[in-house]
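In the text below, chain A, chain B and the rest are named by the order of the sequence lines, each starting its count at 1.
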2 protein chains.
Amino acid sequence: MPATLSPPPAPPATANGSSSLHQHAYEEIKRLIVTGEFPPDTFLSERQLAQRLGMSKTPVHIALKRIEAEGFVAISPQQGIVVRGLSPDDILDHYELREALEGFVVRRLAARLDSVGTDALRHALASQEKALAEGDLARCLELDARFHLLLARLLGNRQILAAMDQLHDRIRLVILRVGTLHRERFEESVPEHAAIVDHLLAGDSAAAETAMLEHLEAGKRRILLRRTEPHPEP
Amino acid sequence: MPATLSPPPAPPATANGSSSLHQHAYEEIKRLIVTGEFPPDTFLSERQLAQRLGMSKTPVHIALKRIEAEGFVAISPQQGIVVRGLSPDDILDHYELREALEGFVVRRLAARLDSVGTDALRHALASQEKALAEGDLARCLELDARFHLLLARLLGNRQILAAMDQLHDRIRLVILRVGTLHRERFEESVPEHAAIVDHLLAGDSAAAETAMLEHLEAGKRRILLRRTEPHPEP
DNA sequence: TTGACGAAACTGGTATACCAGTGCGACAAT
DNA sequence: ATTGTCGCACTGGTATACCAGTTTCGTCAA
């Protein structure tokens, strides 16, 4: 599609690099979900979304089937589409999967980190500290997710990276479930990241893995403890 | 020649259990790929597939976009669809991901195995030995994949199970890459499974994980080296 | 013989129309 | 007033037609 679209009244806000409409629809709808604009239990409609995105049903339909396959929405034929929320069990399972993947990643990574990776980790850490100092919590959240993905990328395993990439959006969803972002969260997690990096640079596999597992454990605790408000859920 | 439009005999043909056409298309196309009927580098066409499956382009298109997202085909707009093969690096990455997931699974599982799980593992093992004794190699392959999925299911983590389920089809693809099934492969792997189960039943996390990692390492070696002769146990 | 050029025969991507279910509300019969 | 029923207004799912590229190949001119 040309960069200068287009007839429909709504050329979407974000300048997209999407190669196709259904790709754009996929990214946009998922963004609306993981940013909380479409909270859990929201009812969606292909036609509404198509109109909002300035395209026809077809690409929206394709995007939604993919999003359904990833578990973010539930589609009932002849009924409708509903945004799926995350149960506490989902969150626990989510963190356990991360323990398996990311614990493994840092364990392996400590033994094979090169100078390029060293620089990347130091840079990522510096960015996080800068964002925290500036109080830019949204950027803190983004950098947090990117830090974890960076570890997988440095390991160079595309399968693991792909698996963690799918987790990326779920992480946002998990964090958003507790409401707005808290500064204290990052005042704790950024130093935890720093500890992981320290052990990686020292080549200490066991210590790096332990630090990662503690970091994830702390993250899980930060989320589950805040989830004590009464929920009007069935 | 031009497609002179279809003479669709137009009964939905086989009475399928699929809830929708695109679901049926997804399962069928993926089956054709993972069974080797569509080997790597095969060129596909939405229209050809639609005619073969007795439906229109639309559900085929949706199914292919999902299969593309899973990495089994590559779609180039205005060009065509090609079945993606697995490079040696892909296979290495694949096994490394399994090491991360399944190593973690057995480590955790050894500590929390109940009587139901015990029975399920014993039963799974017996089935494998029976299939091997009968020389039913196709069933051996199926039971192999199911055994690994069973471990994840016993752990009770849906996220991990979903991640490993995606691997299920890739495993078949990996094995098919070396050609036909070899009896020796299962004469080795079934006892390896038995060893893993033994350590799980004994509650020995470390031994179970080690056995699993060795099992995966052996599987990787069997594929990459294509060796058919049994090797001495360490 | 050879080269370039253009029409045709494809490709996936998208829009539109239509279909078959579903739920709900209005209206009618009691 | 209650209740049963019909119908309309939705839903996602599918088929069809069309679009804009890309590739192929035959034709025609040099």
Side-chain angles (χ1 to χ4, degrees), chain A residues 1-12 16-29 38 41-69 72-84, chain B residues 1-14 16-29 38 41-69 72-84:
Chain A
M1 81 164 22
T4 60
L5 55 93
S6 77
N16 66 66
S18 304
S19 50
S20 61
L21 286 183
H22 70 255
Q23 181 68 21
H24 172 63
Y26 168 79
E27 294 167 359
E28 184 66 8
I29 295 172
F38 289 160
D41 300 328
T42 301
F43 282 87
L44 304 179
S45 149
E46 290 188 353
R47 288 170 176 82
Q48 288 173 10
L49 289 171
Q51 187 175 8
R52 172 170 184 158
L53 299 179
M55 61 184 72
S56 81
K57 273 180 54 182
T58 310
V60 172
H61 182 66
I62 296 170
L64 282 171
K65 293 309 292 183
R66 185 172 161 197
I67 294 175
E68 178 194 32
F72 289 94
V73 300
I75 302 180
S76 303
Q78 278 80 38
Q79 283 183 293
I81 305 160
V82 57
V83 179
R84 286 185 46 173
Chain B
M1 63 171 293
T4 68
L5 53 108
S6 47
T14 57
N16 61 60
S18 304
S19 50
S20 60
L21 287 183
H22 70 254
Q23 181 68 20
H24 174 63
Y26 168 79
E27 293 167 0
E28 184 66 9
I29 295 172
F38 288 161
D41 299 330
T42 301
F43 282 88
L44 304 179
S45 148
E46 291 188 354
R47 288 168 177 84
Q48 288 174 12
L49 288 170
Q51 189 175 4
R52 172 169 185 161
L53 299 179
M55 60 185 71
S56 79
K57 273 180 54 182
T58 310
V60 172
H61 182 66
I62 295 170
L64 282 171
K65 292 309 292 184
R66 183 171 161 197
I67 294 175
E68 178 194 31
F72 289 94
V73 299
I75 302 179
S76 303
Q78 278 80 38
Q79 285 184 305
I81 305 160
V82 56
V83 179
R84 285 185 47 172

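A straight line from CG of A/Leu44 to C1' of D/dG12 spans 13 Å, rounded to a whole angstrom. Protein atom CG of A/Leu21 is 13 Å distant from nucleotide atom P of D/dG21, rounded to whole Å. A/Gln78 has its CD atom 7 Å from the C1' atom of C/dT22, to the nearest Å. Rounded to whole Å, atom P of D/dA15 lies 14 Å from atom CZ of B/Arg47. Atom CD of B/Glu46 is separated from atom C1' of D/dT16 by 14 Å (rounded to the nearest Å). Across the protein-nucleic acid pair, A/Leu53 atom CG and C/dT14 atom P stand 12 Å apart, rounded to whole Å. Atom P of nucleotide D/dC10 and atom CZ of A/Phe43 are separated by 16 Å, given to the nearest angstrom. If you take NZ of B/Lys57 and P of D/dC19, they are 13 Å apart, rounded to a whole angstrom.
Closest approach to the A/Ile75 side chain among D/dG13, D/dT14, C/dG13 is made by D/dG13 (side chain taken as heavy atoms from C-beta onward). With D/dG12, D/dT14, C/dA15 as the candidates, the nucleotide lying closest to the side chain of A/Pro59 is C/dA15. Closest to the A/Met55 side chain, of the nucleotides D/dT14, C/dA15, D/dG12, is C/dA15. For B/His22, taking side-chain heavy atoms from C-beta onward, the closest of the listed nucleotides C/dG13, C/dA15, D/dT14 is D/dT14. Proximity note for A/Ser45 (side chain, C-beta onward) versus D/dT22, C/dT14, D/dG12: the nearest is D/dG12.
Residue B/Ile75 is tested with B/Val82, B/Ile67, B/Leu64 for a side-chain contact (heavy atoms from CB on, under 4.5 Å); the sole match is B/Leu64. For the side-chain contact (heavy atoms from CB on, under 4.5 Å) with A/Val83, the qualifying choice from A/Asp41, A/Thr42, A/Ile29 is A/Thr42, the only one to do so.
Across all strands shown, B/Leu49 has no heavy atoms under 4.0 Å from either base or sugar-phosphate atoms. Here B/Thr58 lies in heavy-atom contact (under 4.0 Å) with a base.
Taken residue by residue, residues 61-68 of chain A places no heavy atom nearer than 4.0 Å to DNA chain C.
Looking at residues two or more places apart in sequence or on another chain, you find a side-chain hydrogen bond (donor to acceptor under 3.5 Å, both in side chains) between A/Glu68 and A/Lys65.
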message: For a side-chain contact (heavy atoms from CB on, under 4.5 Å) check, start with the C-alpha distance between B/Gln23 and B/Arg66, then their side-chain angles and the critical distance, and finish with the verdict.
response: CA-CA 10 Å; B/Gln23 181 68 20; B/Arg66 183 171 161 197; 3.6 Å; yes
*Go through the steps for B/Met55 and B/His24 under the test side-chain contact (heavy atoms from CB on, under 4.5 Å), then give the verdict.*
CA-CA 10 Å; B/Met55 60 185 71; B/His24 174 63; 3.9 Å; yes
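Between B/Gln79 and D/dT23 there is a side-chain polar atom (N or O) within less than 4.0 angstrom of OP1 or OP2.
For the pair A/Pro77 and B/Pro77, nearest-nucleotide mapping onto DNA chain C gives the more 5' position to B/Pro77.
Between atom CD of residue A/Glu46 and atom CD of residue A/Gln51 there is a gap of 14.0 Å, rounded to the nearest 0.5 Å. B/Ile81 contributes atom CD1, which lies 11.5 Å from atom CD of B/Gln79 (distance to the nearest 0.5 angstrom).
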